[in-house]
Protein chains: 4
Amino acid sequence: MTSNTSGKIFNFTTWGESHGKAIGCVVDGVPSQISLSNEDIQIHLNKRKPGQSKFTTQRKEKDEVKILSGVFEGMTTGHPISLMINNEDQRSKDYSNIANVFRPGHADYTYWAKYGIRDYRGGGRSSARETAMRVAAGAIARKIISHKLKNHYQITGALVQIGSSKINYDNWKNEFIEKNDFFCPDESIINEWESLIKKTRKEGSSLGAVIELRCKGMPVGLGEPIYDKLDADLAKAMMSINAVKGVEIGNGFESVSKTGISNIDEMRIKDNKPFFLSNNNGGILGGISTGQELIVRFCVKPTSSITTSKKTINTKLEETEISTEGRHDPCVGIRAVPVGEAMMATTLADHCLRYL
Amino acid sequence: MTSNTSGKIFNFTTWGESHGKAIGCVVDGVPSQISLSNEDIQIHLNKRKPGQSKFTTQRKEKDEVKILSGVFEGMTTGHPISLMINNEDQRSKDYSNIANVFRPGHADYTYWAKYGIRDYRGGGRSSARETAMRVAAGAIARKIISHKLKNHYQITGALVQIGSSKINYDNWKNEFIEKNDFFCPDESIINEWESLIKKTRKEGSSLGAVIELRCKGMPVGLGEPIYDKLDADLAKAMMSINAVKGVEIGNGFESVSKTGISNIDEMRIKDNKPFFLSNNNGGILGGISTGQELIVRFCVKPTSSITTSKKTINTKLEETEISTEGRHDPCVGIRAVPVGEAMMATTLADHCLRYL
Amino acid sequence: MTSNTSGKIFNFTTWGESHGKAIGCVVDGVPSQISLSNEDIQIHLNKRKPGQSKFTTQRKEKDEVKILSGVFEGMTTGHPISLMINNEDQRSKDYSNIANVFRPGHADYTYWAKYGIRDYRGGGRSSARETAMRVAAGAIARKIISHKLKNHYQITGALVQIGSSKINYDNWKNEFIEKNDFFCPDESIINEWESLIKKTRKEGSSLGAVIELRCKGMPVGLGEPIYDKLDADLAKAMMSINAVKGVEIGNGFESVSKTGISNIDEMRIKDNKPFFLSNNNGGILGGISTGQELIVRFCVKPTSSITTSKKTINTKLEETEISTEGRHDPCVGIRAVPVGEAMMATTLADHCLRYL
Amino acid sequence: MTSNTSGKIFNFTTWGESHGKAIGCVVDGVPSQISLSNEDIQIHLNKRKPGQSKFTTQRKEKDEVKILSGVFEGMTTGHPISLMINNEDQRSKDYSNIANVFRPGHADYTYWAKYGIRDYRGGGRSSARETAMRVAAGAIARKIISHKLKNHYQITGALVQIGSSKINYDNWKNEFIEKNDFFCPDESIINEWESLIKKTRKEGSSLGAVIELRCKGMPVGLGEPIYDKLDADLAKAMMSINAVKGVEIGNGFESVSKTGISNIDEMRIKDNKPFFLSNNNGGILGGISTGQELIVRFCVKPTSSITTSKKTINTKLEETEISTEGRHDPCVGIRAVPVGEAMMATTLADHCLRYL
């Protein structure tokens with residue numbers, strides 16, 4: 001009943017605080033004889049790493065991961081893989097002035113009420129810094145999926161909305177996603193988003209975002225009824241990411257305004273294999289994958305760390321105000337893209353090991 | 001790793017098929033010395049029971065629950081509570097003509113692909129009939145919450161949208177919810193919804209819906225970081241309900257088009273206690289309850305069982321067509337209201353026992 | 001975290017009290033497409049059934065099992081299998097005189113102290129009647145093992161000691177075990193055991209026993225380091241049986257008086273396959289099966305229900321005395337044989353599904 | 001379903017290989033606001049540390065533990081505590097000559113068969129070096145028990161038998177246990193044990209041992225029926241320790257040769273509280289603690305690493321012989337004492353958090 005653990009067969013347990021000595025995780029349930037190197041993990045960490053663009057936090061972390069166990073001569077051994085990243089750029093002093101003040105919109109007050117402890121250093125355990133280890137675990141998950149499927153599959157995450165500005169799906173280009181600071185698939189919207197973020201930052205505010213995750217190449221049959229349905233596990237995985245307030249599969253909330261006639265995915269046969277004439281259900285029926293592309297969206301609320309002063313209280317239950325001057329993302333949704341991809345990978349790896 | 005079990009400390013395991021002899025569940029983790037009678041459970045089952053209005057399925061089931069263990073002289077003993085409902089109105093013959101055909105939009109194809117078995121009798125295990133046991137377990141969960149909190153709390157579920165027709169939140173009246181066939185809190189929209197359902201049924205189609213769940217009276221501190229956050233567990237619970245395709249907390253997807261300035265819930269002190277000036281976050285921050293009202297919404301796709309003929313395939317991988325003539329809900333979202341309430345109750349009971 | 005559940009992938013949850021309406025269990029994690037009938041289960045229940053010989057309790061229970069779910073047209077569906085046995089011969093009146101008295105040596109006092117409830121009817125949930133459902137689950141476990149291994153394997157349980165009287169291992173005959181009332185493999189000791197039990201009963205006392213379980217045909221590789229070792233899981237399974245006070249693997253406690261030189265199982269090659277020159281380790285090394293015969297022993301303390309009067313206390317914390325006049329086994333170890341076999345089967349089935 | 005994790009509410013996950021860079025564990029489920037320092041843990045690690053006496057391995061490890069997370073300003077935060085010990089004296093070269101040979105009596109062959117990997121460096125993950133982290137987790141468990149009970153309790157582990165030489169229980173002195181190299185409570189037997197070990201070492205052999213664990217001060221009510229009984233969990237915990245082949249509670253196997261009359265622990269009242277006239281059941285009835293002293297014994301087989309040559313095979317399935325020249329314990333049972341104490345502490349801490 002470890003609440004810091006995600007997954008059942010493939011699973012990982014994260015530890016560490018934003019401004020502690022290090023953060024890390026223990027990845028368990030990994031089959032033996034899969035090749036695994038630091039680089040396999042680092043490549044994904046680098047996508048999420050802070051300090052890379054003017055649109056994300058300026059905290060500088062190399063985020064260099066070390067593999068401490070579970071790999072022998074370049075191959076997994078079947079035993080727990082311990083990963084660690086040293087924290088380097090912890091400017092805890094930035095936080096000393098808020099040592100007793102709860103930042104509104106953050107977990108400061110709820111953690112204090114629950115644990116009776118105020119770890120003011122950058123949110124402590126509740127910081128999104130924890131998500132670095134999700135990305136690391138996700139990199140191992142990807143190796144497991146490849147190992148089990150023995151064929152090509154592809155997870156693609158992209159930002160499809162910032163504030164009220166949505167992409168045009170007709171412009172979607174996978175290859176463009178990695179070429180811009182927003183993980184955006186629609187080149188035509190980049191200028192608008194840049195202006196929007198600059199403007200919002202100047203106003204001392206922040207923006208929310210919607211992230212879409214897709215996965216091609218999964219077989220039919222992933223997911224366990226009744227309570228470990230694939231969509232239920234994906235929903236939990238996404239909702240566990242910092243600042244996420246909603247998750248949907250396929251057409252999601254839009255399916256409500258459709259009718260049964262238009263929303264049902266009809267089936268046909270091609271080359272002796274079943275296929276679907278549409279994918280309104282996002283590749284999941286009855287909680288089990290259909291073999292179609294999986295489609296998941298989740299939304300991230302506007303960053304709660306803003307430079308505008310907001311009303312709040314402190315640990316003495318006095319009223320006060322706060323504005324956040326630290327190094328923060330104007331839109332945490334951007335860096336949530338690799339985190340969402342990672343959580344999709346860990347969920348799929350777990351279900352691959354449960355089913356295949 | 002029982003995929004038919006929901007919950008960690010308070011938990012329940014359901015069993016049974018739509019057209020088997022019976023359905024049931026085993027509820028475990030219930031503290032001793034809580035009064036519990038058949039009536040405590042039956043009252044909630046009656047809300048979900050089929051055959052009650054012209055807007056839901058005409059299948060007639062008394063849904064009379066029997067308590068087989070775990071209660072002695074009217075009090076819980078701390079041991080597993082076994083509940084059972086006999087199936088009575090199983091017209092399996094209704095299904096014999098689709099014995100080899102997969103109903104599109106249902107789990108028929110995915111279950112067959114995963115298990116190699118075609119239990120054609122009304123969806124077998126994948127049927128929403130399973131949700132009766134969720135409602136039964138939810139009734140016990142409510143007793144536990146009362147027992148732990150020792151004060152008043154209230155779970156309210158309501159239908160807030162059918163098709164494209166949304167309620168006016170200004171008209172919300174809790175007391176009206178139980179007085180109409182839709183669990184609708186807005187009296188002014190009833191006529192519109194009745195017409196909409198009749199029209200859709202006549203067209204051989206069906207409708208989706210959005211359900212909103214609220215819970216007043218929960219303390220601050222429920223939820224376990226990082227992966228068993230209260231919102232993550234609620235998301236999983238809701239997404240595990242048949243036909244659900246999306247879940248959101250508080251402002252949910254709407255928070256994306258807000259800015260940080262407007263979306264942050266500011267804090268003040270009243271009577272020496274913290275309170276919030278708004279509830280955009282739906283009563284959860286950092287995955288932990290704030291003590292405010294909890295607000296969750298989930299959507300149900302349009303019922304896949306419709307009388308219009310749709311393209312599909314059969315177990316011999318031949319192309320065919322199907323229309324569903326059985327007794328079905330034109331909008332399964334209606335009966336999802338008590339199910340959603342029950343899943344909220346079981347999730348909260350579990351977290352109450354984990355924290356309090 | 002259901003404490004009434006045993007197993008991880010293959011698992012079962014039992015419910016019911018000795019004198020309630022029924023007892024039952026839900027067996028989950030069963031692969032689909034395995035043939036399963038009532039008879040497959042009943043045959044094992046009949047071995048454990050009370051009232052069969054003068055050496056066990058005279059309570060008469062038909063112990064007729066009903067399969068309520070999870071089986072369709074004679075085959076498992078992959079969904080939970082619900083089993084139920086109605087209680088028929090509950091003479092709860094036998095217990096009314098002890099309604100407030102704790103039977104010493106039983107769980108009466110500890111259950112009352114823990115739960116604040118005194119279910120006096122034959123021990124309620126703590127009764128060994130619960131083990132009937134272990135035997136039922138064990139029968140399904142055996143089908144799973146056959147299904148996974150696709151070859152012959154054999155679980156053999158036998159009584160090897162009653163009181164101080166041990167069998168002569170040189171006389172061990174598997175085929176004799178089912179031919180006597182003691183599940184004894186040594187024909188030469190039967191008369192002695194009969195006399196011993198008669199004499200002990202006459203003295204108003206009872207006897208302990210040692211049960212030995214063997215399993216041939218398991219592959220190398222079952223068991224999960226570090227904490228779910230095969231021997232650790234077997235130890236937990238056996239120790240969870242009523243009245244069991246010790247468990248050992250292979251030479252067990254006798255290995256202490258051996259030296260490393262004599263206790264190491266040396267290895268050789270025959271027909272290109274590894275084999276061992278001895279089996280001091282009972283077929284388990286480092287928590288993982290070696291492919292040799294598995295050997296487990298556990299001991300059962302003398303039955304605590306005896307006709308001799310013993311000092312005890314009651315729920316008012318007054319001193320009193322008690323003697324038990326009900327229908328009891330003079331040596332519960334006898335009926336523990338099929339229960340031990342069942343727990344070995346469920347543990348092995350779980351590990352087969354985890355590994356194979 | 002992490003097999004490298006022990007415990008449910010209080011739990012710890014260990015990682016690391018005997019000759020890897022480091023070993024560590026993540027301890028989760030620790031309540032907040034408990035004082036915790038490196039010294040609290042180090043004091044217990046020092047008891048188990050190798051290289052301390054001529055009767056244990058000569059490997060030199062400082063075993064200096066580092067706390068990497070979960071503690072803020074000297075107090076636990078309620079978040080995972082990550083502990084790490086760097087490996088320093090890894091003479092992996094000592095093992096290069098056995099890179100392809102399976103040491104008989106060890107897990108070498110079973111691990112290779114299961115994982116397809118031969119990590120020859122001192123047993124890799126199967127090494128007893130892993131138990132250092134159990135001792136570290138046990139130290140935290142002790143702090144939790146104190147925190148929950150708010151009164152005195154005491155766990156005492158002692159060696160009561162080496163080879164065939166058993167202590168005289170009449171000579172038991174708790175205060176002597178820490179004053180000798182054997183954790184022996186009986187001063188009169190020390191000379192005999194010293195001679196026995198020297199003689200056995202000279203003969204190129206090794207010795208088994210029996211360890212007895214006692215715990216005073218636990219309340220009535222710990223343990224969860226039916227499958228997470230306190231004795232069942234203790235049995236699993238002890239059997240999971242390297243080289244353990246048997247576990248017993250209270251009179252254990254000796255209870256078999258007693259009768260019900262003599263083995264039942266009778267009850268009386270003193271100062272308005274229940275007490276028992278004997279403790280044959282080792283403080284556990286029906287799987288639940290009685291409030292008496294807990295008594296557990298487990299046996300450790302003779303060390304399998306001996307200097308006498310033994311028959312074995314290698315990874316090419318060729319026959320060969322092996323003798324172990326490394327730095328090994330002639331009786332691993334000695335260093336198993338602090339490990340057994342730790343596993344008792346972790347099991348009790350888990351049950352304290354489940355019940356209290």
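Because the structure is predicted, anything quoted here is derived from the model rather than measured.
Your options are C:Glu318, C:Arg125, C:Glu203, C:Met238, and the one with the most heavy-atom pairs under 4.5 Å with chain D is C:Arg125. Between chain D and the options C:Gly204, C:Gly333, C:Ala235, C:Ala232, heavy-atom pairs under 4.5 Å are most frequent for C:Ala232. Of the residues considered (D:Arg134, D:Arg297, D:His106), D:Arg134 shows the highest number of contacts with chain C, using heavy-atom pairs under 4.5 Å. Ranked by heavy-atom pairs under 4.5 Å with chain C, the list D:Ala107, D:Ser257, D:Gly291 is led by D:Ser257. The greatest number of non-hydrogen atom pairs below 4.5 Å with chain C, out of D:Ser255, D:Pro104, D:Gly221, D:Ser240, is found for D:Ser240. The greatest number of non-hydrogen atom pairs below 4.5 Å with chain D, out of C:Gly223, C:Gly250, C:Ala237, is found for C:Gly223. The greatest number of non-hydrogen atom pairs below 4.5 Å with chain D, out of C:Val256, C:Leu285, C:Ile288, is found for C:Val256. Counting heavy-atom pairs under 4.5 Å between each of C:Ser165, C:Pro274, C:Gly286, C:Gly105 and chain D puts C:Pro274 at the top. Contact tally against chain C (heavy-atom pairs below 4.5 Å) for D:Ala243, D:Ala209, D:Gly287, D:Ser126: the top residue is D:Ala209. When each of D:Ile162, D:Leu207, D:Thr290 is checked for heavy-atom pairs under 4.5 Å with chain C, D:Thr290 comes out on top. Listed options C:Gly163, C:Pro219, C:Cys331 were ranked by heavy-atom pairs under 4.5 angstrom with chain D; first place goes to C:Gly163. The candidate with the highest count of non-hydrogen atom pairs below 4.5 Å against chain C, out of D:Glu321, D:Arg268, D:Lys310, D:Glu224, is D:Arg268.
Interface residue C:Thr320: only backbone heavy atoms are found under 4.5 Å from chain D. For a residue to count as touching a neighbouring chain, one of its non-hydrogen atoms must lie under 4.5 Å from one of that chain's; by this rule C:Asp108 does not touch chain D. Proximity to chain D is limited to the side chain of C:Ile306, based on heavy atoms less than 4.5 angstrom apart. If you measure heavy-atom distances from C:Leu234 to chain D, you find no contacts under 4.5 Å at all. Proximity to chain D is limited to the side chain of C:Thr308, based on heavy atoms less than 4.5 angstrom apart. When heavy atoms are compared at a cutoff of 4.5 Å, D:Thr5 approaches chain C solely by way of its backbone atoms N, CA, C and O. Of the two parts of D:Val220, only the side chain, counted from C-beta on, holds a non-hydrogen atom closer than 4.5 Å to a non-hydrogen atom of chain C. Only the backbone of D:Val300 comes within contact range of chain C, with heavy atoms under 4.5 Å apart. Within the 4.5 angstrom heavy-atom criterion, only backbone atoms of C:Phe298 (N, CA, C, O) approach chain D. Of the atoms belonging to C:Ala113, heavy atoms from both backbone and side chain fall under 4.5 Å from chain D. In this structure, no portion of D:Ile322 lies under 4.5 Å from any heavy atom of chain C. Heavy atoms of C:Glu254 lying under 4.5 Å from chain D are absent altogether. For a residue to count as touching a neighbouring chain, one of its non-hydrogen atoms must lie under 4.5 Å from one of that chain's; by this rule C:Glu319 touches chain D with backbone and side chain alike.
Judged purely by atom type and a 3.5 angstrom limit, C:Ser205 uses its side chain to pair as donor or acceptor with the backbone of D:Gly260. Although no hydrogens or angles enter the test, the distance criterion places no donor-acceptor pair under 3.5 Å between the side chain of D:Ser6 and the main chain of C:Tyr227.
Here the straight-line distance linking atom OG1 of D:Thr307 with atom CD1 of C:Ile261 works out to 7.5 Å at 0.5 Å rounding. Within the model, atoms CG of D:Asp231 and CD1 of C:Ile241 stand 11.5 Å from one another, a figure rounded to the nearest 0.5 Å.
The closest side-chain heavy-atom distance from C:Leu317 to D:Lys273 is not below 4.5 Å. Using a 4.5 Å heavy-atom threshold, the side chains of D:Tyr111 and C:Pro225 count as touching. Contact of the C:Asp233 side chain with the D:Lys236 side chain is registered, since non-hydrogen atoms from C-beta on lie closer than 4.5 Å. Proximity of D:Met133 to C:Ile226: side-chain heavy atoms (C-beta onward) are nowhere separated by under 4.5 Å. When side chains are defined from C-beta on, D:Ile284 does not count as touching C:Met239, because their heavy atoms never get closer than 4.5 Å.
D:Phe253 pairs with exactly one of C:Gln161, C:Lys245, C:Glu248 by the side chain to side chain contact (heavy atoms under 4.5 Å, CB included) rule, that one being C:Glu248. With D:Lys301 as the fixed residue, the side-chain hydrogen bond (donor to acceptor under 3.5 Å, both in side chains) test singles out one of C:Asn280, C:Asn281, C:Asn263, C:Asn251: C:Asn281.
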ask   = Checking side chain to side chain contact (heavy atoms under 4.5 Å, CB included) for the pair D:Ser3/C:Arg354: CA distance, chi angles, key distance, verdict?
value = CA-CA 11 Å; D:Ser3 63; C:Arg354 289 179 79 163; 3.9 Å; yes
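Of all non-hydrogen atoms in D:Ile313 and C:Met267, the two that sit nearest each other are CD1-CE, 3.7 Å. Taking each heavy atom of D:Asn242 and C:Lys229 in turn, the nearest pair found is N-NZ, 4.2 Å.
More than 12 non-hydrogen atoms from other residues, nucleotides or ligands lie less than 6.0 angstrom from CD of C:Glu266.
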